[in-house]
Chemist: 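Let me begin by handing over the structure; questions about it come next.
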Amino acid sequence: MTRQTTIPDAASAIRAAGLRVTDSRRAVYDALAVRPHASADDVYACVAPIVPRTSRQSVYNALGDFADAGLVRRIEPAGRPMLFELRVADNHHHLVCTSCGRVEDVDCTVGHAPCLHPSETHGFDVAAAEVTFWGRCATCTASA
Ligand SMILES: [Zn+2]
Ligand SMILES: [Zn+2]
């Protein structure tokens, strides 16, 4: 299954998630549209020049509200800052470069969640699996 992610415009996506549309929230959404897997600080750096009166805290709050509303997904590679992306609910996984921190999406080869099944579920109804593949990206491998 190949998947084309179409990103709706910020205002309608925010409204559809049941949130009030503000300049900060729109700018946060737009920042994630052009820069997937951004940290909160990355997002703030994109938003600050566009919405000068915004604060780091309001960007953090917007990201938290988006995540709670299911508009963004948080990913937390071990030992890295939390990252945010607009691709939600498609059970994709991530490749993370141990050297430069680059993050790439990997579509799930099986297609639907959970694509991996634990050897022991302990009675859990397993809904999702999140895989992080760690390694060195092509650029880092070439420069080694
Ligand atoms: Zn790298
Ligand atoms: Zn991703």
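Whatever order the structure lists ligands and atoms in, that order sets their numbers, starting from 1. One-based numbering along the sequence shown.
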Chemist: Round to 10° and report the angle made at the Zn ion (ligand 2) by OD1 of Asp105 and NE2 of His92.
Modeler: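 An angle of 90° at the metal.
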Chemist: Less than 3.5 Å apart, any donor N or O on the side chain of Tyr60 or Asp65 sitting next to an acceptor on the other?
Modeler: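 Judged by distance alone, the side chains do not pair up.
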Chemist: Crowded around Arg26 CZ? As in, over 12 foreign heavy atoms under 6.0 Å?
Modeler: no
Chemist: Indicate whether any N or O donor in one side chain lies under 3.5 Å from an N or O acceptor in the other, for Glu85 and His92.
Modeler: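 Side-chain D/A pair, Glu85 to His92: present.
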Chemist: Give a rough value, rounded to 10 degrees, for the angle at the Zn ion (ligand 2) between atoms NE2 of His37 and NE2 of His94.
Modeler: 90°
Chemist: Using only N, O or S atoms, tell me which atom of Glu85 is closest to the Zn ion (ligand 2).
Modeler: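 Result: OE1.
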Chemist: Do the side-chain N and O atoms of Ser58 and Asn61 include a donor-acceptor pair separated by under 3.5 angstrom?
Modeler: no
Chemist: What angle, in degrees and rounded to 10°, do you get at the Zn ion (ligand 1) when you join it to SG of Cys97 and to SG of Cys100?
Modeler: 110°
